[in-house]
Amino acid sequence: MTVFTWLIILLLLAAILLQGNKKGSKKFIIIAFLLLFAVMGLRDVTTGGADSSGANGSYVVIFQRDGETDWSNLAGKGENQYNIGFSYLMKLLYELTGGDYQLSITIISILILFSYLRFIRKYSPSPIQSILYFLGLLYYSFLFDALKQAVAMSVLLFAFDAIFENKPFKFVLLVLLASLFHFPALVFLPAYWLGRMRVGSYYLIFLAALLFVTYLFRDQILNLMLDTYGSEDLVISMEGIRFLRTKSIVMIIIVIAAVLLRPPSPEDAVYNACLAFAGIAIVFQTFCGYNNIFERLADYYFHTSIVLLPLIFEKCDLKTHVLSVTDEMSVKSVAPWLFCGFAIWRFVTYMNNSPLYNSFRFLWQ
């Protein structure tokens with residue numbers, strides 16, 4: 001069995017022994033952090049992930065280049081103008097580690113995983129479900145491949161708190177900080193107001209209308225997003241990438257299941273915010289036929305679904321029901337197993353079959 005299969009097995013055992021299905025299960029969260037970190041943070045950086053590539057622009061090259069550049073000259077590099085915060089981070093880690101890229105990846109892994117596990121412990125009613133979705137939606141593997149966006153997304157998880165703390169200034173500052181690491185993180189700026197909207201029972205109708213309008217004005221929206229991204233050369237047909245189409249279907253199924261099993265209500269603040277973000281993510285995902293950069297934009301909103309999914313299946317007193325109470329209870333008793341089973345299958349299949357990961361080694365091997 002591969003290390004990724006063992007990771008799933010050990011996480012499930014820890015969940016059974018330490019009640020990983022209970023909100024705020026501190027011991028399980030700690031064990032889960034150690035297991036996830038062992039694979040991500042203690043891997044040999046010459047294997048397991050696109051950042052191990054030696055091609056121009058890969059993270060090891062960026063680390064070396066920025067590390068050897070004077071602090072005063074970092075901002076002057078043309079390729080750094082949109083991600084200057086990441087260049088400064090690379091320079092800082094280069095100085096702290098004596099140019100050891102392996103140790104730098106270990107430090108970054110600690111920071112990113114801490115952000116995600118803190119987010120799960122604070123908002124998820126079932127940490128084990130959230131972690132399985134974190135794996136199955138491939139956000140964990142994403143951290144191996146896209147360090148700039150991974151750092152930015154981890155910062156935005158703290159911005160998520162500001163929505164419910166009624167602190168717009170804090171929210172904007174954190175989004176601006178995230179954008180210094182990955183400029184497209186600015187797409188999350190409207191999230192403060194979107195997350196505070198009252199998502200009602202007509203959410204699916206609203207989303208369908210939004211998707212229709214998006215389709216009508218797709219060319220104008222595409223040009224706007226590409227101008228923001230800084231290049232028209234990024235418009236390339238991605239129709240051959242089956243996963244992007246499959247992911248759109250999975251996202252739509254999740255939203256439909258959410259509305260059917262837990263109809264939105266004004267008092268359900270965290271659930272409403274995550275549900276609203278999922279809808280916005282679907283809109284971005286529809287542009288993935290042009291290029292996978294739009295999947296990156298969608299991920300800024302959709303990665304909160306690792307909390308949305310357990311909230312859907314949480315036992316709670318609903319004032320409104322789409323299904324009968326009996327049917328709703330039956331579905332909620334079975335659906336989590338099906339969703340988690342799919343997440344496990346997706347993660348193991350992807351990681352074990354991808355050439356980026358099937359040569360995985362730990363740093364001591």
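Computed from a predicted model, the values in this text were never measured in an experiment.
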Subject >> Carboxylate-amine/guanidinium contact Lys91 Asp70, below 4.0 Å >> reply: no

Subject >> Connected via hydrophobic side-chain network under 4.5 Å: Ile110 and Ile108 >> reply: yes

**OP:** Taking all heavy atoms of Met153 and all of Asp299, pick out the closest pair and write down the distance.
**Re:** CE-O, 3.7 Å

Original post:
Heavy-atom distance under 4.5 Å between the side chains of Trp6 and Val39, does that happen here?
Top reply: no

Original post:
To the nearest 0.5 Å, what is the distance between CD1 (Ile8) and CG (Leu132)?
Top reply: 5.5 Å

Subject >> Note, Val187 side chain near Phe284 side chain (heavy atom, < 4.5 Å) >> reply: yes

Original post:
Do Phe347 and Phe134 come close enough that some side-chain heavy atom pair is under 4.5 Å?
Top reply: no

Subject >> Under 3.5 Å side-chain donor-acceptor pair for Tyr300 and His182 >> reply: yes

**OP:** Measure the acute angle between the ring planes of Phe4 and Phe360, then classify it against the limits of 30° and 60° as parallel, tilted or perpendicular.
**Re:** perpendicular

**OP:** Can you measure from OH (Tyr133) to CD1 (Ile344) and round to the nearest 0.5 angstrom?
**Re:** 9.5 Å

Original post:
Do the ring planes of Phe342 and Trp345 sit parallel (below 30°), tilted (30 to 60°) or perpendicular (above 60°)?
Top reply: tilted

Subject >> Common cluster, Ile256/Val334, ILVMFWY with side-chain heavy-atom separation under 4.5 Å >> reply: no

**OP:** Answer with yes or no whether the hydrophobic clustering places Leu173 together with Leu157; edges join I, L, V, M, F, W, Y residues whose side-chain heavy atoms lie under 4.5 Å apart.
**Re:** no

Subject >> Atom pair CG/CD1 of Asp100 and Ile105 - distance to nearest 0.5 Å >> reply: 10.5 Å

Subject >> Beyond-backbone contact of Phe181 with Gln149, side-chain heavy atoms, under 4.5 angstrom >> reply: no

Subject >> Flag if over 12 foreign heavy atoms under 6.0 Å of NZ, Lys26 >> reply: no

Original post:
Val270 versus Leu308: any side-chain heavy-atom pair under 4.5 Å?
Top reply: no

**OP:** Answer yes or no: is there a side-chain heavy-atom contact under 4.5 Å between Leu180 and Tyr88?
**Re:** no

**OP:** Evaluate the ring planes of Phe160 and Phe164, with Trp represented by its six-membered ring, and classify them as parallel (under 30°), tilted (30 to 60°) or perpendicular (over 60°).
**Re:** perpendicular

Original post:
Any idea which heavy atoms bring Pro310 and Ser305 closest together, and the distance?
Top reply: CD-O, 4.4 Å

Original post:
Do we see a donor-acceptor contact under 3.5 Å between the side chains of Ser109 and Thr106?
Top reply: no

Original post:
Can you find a heavy atom in the side chain of Thr97 that is under 4.5 Å from one in the side chain of Gln102?
Top reply: no

Original post:
Which class fits the ring pair Phe171 and Phe188: parallel under 30°, tilted 30 to 60°, perpendicular over 60°?
Top reply: tilted

**OP:** Report whether Val3 and Leu42 are members of the same hydrophobic cluster (ILVMFWY, side-chain heavy atoms less than 4.5 Å apart, transitive linking).
**Re:** yes

Original post:
Rounded to the nearest 0.5 Å, how far does CG of Leu11 lie from CG of Leu36?
Top reply: 5.5 Å

Original post:
Has Arg118 got its NZ or CZ under 6.0 Å from the middle of the six-membered ring of Phe158, at an angle within 45 degrees of the ring axis?
Top reply: yes

Subject >> Same apolar cluster: Leu7 and Ile16, side chain cutoff 4.5 Å >> reply: no

Subject >> Lys170/Asp161 ion pair, N-O < 4.0 Å >> reply: no

Subject >> Pair Asp66-Tyr94, side-chain donor/acceptor within less than 3.5 Å >> reply: no

**OP:** Classify the side-chain pair Asn166/Arg196 by whether it contains a donor and acceptor separated by less than 3.5 Å.
**Re:** yes

Original post:
Closest heavy-atom contact between Lys148 and Tyr59?
Top reply: N-OH, 3.3 Å

**OP:** Would you name the heavy atoms of Ala273 and Gly195 that are closest together and state the gap between them?
**Re:** CB-O, 3.5 Å

Original post:
Without hydrogens or angle criteria, can the side chains of Ser130 and Ser124 be said to hold a donor-acceptor pair below 3.5 Å?
Top reply: yes

Subject >> CD/Gln19: more than 12 non-hydrogen atoms of other groups inside 6.0 Å >> reply: no

Subject >> Heavy-atom side-chain contact between Ile29 and Leu18 under 4.5 Å >> reply: no

Original post:
Do Arg262 and Tyr271 meet the cation-pi criteria used here (NZ or CZ under 6.0 Å from the six-membered ring centre, within 45° of the axis)?
Top reply: yes

Subject >> Atom of Asn83, atom of Phe183 and distance for their closest heavy-atom approach >> reply: OD1-N, 3.0 Å

Original post:
What's the shortest heavy-atom distance between Arg346 and Gly136, and which atoms?
Top reply: CG-O, 3.2 Å

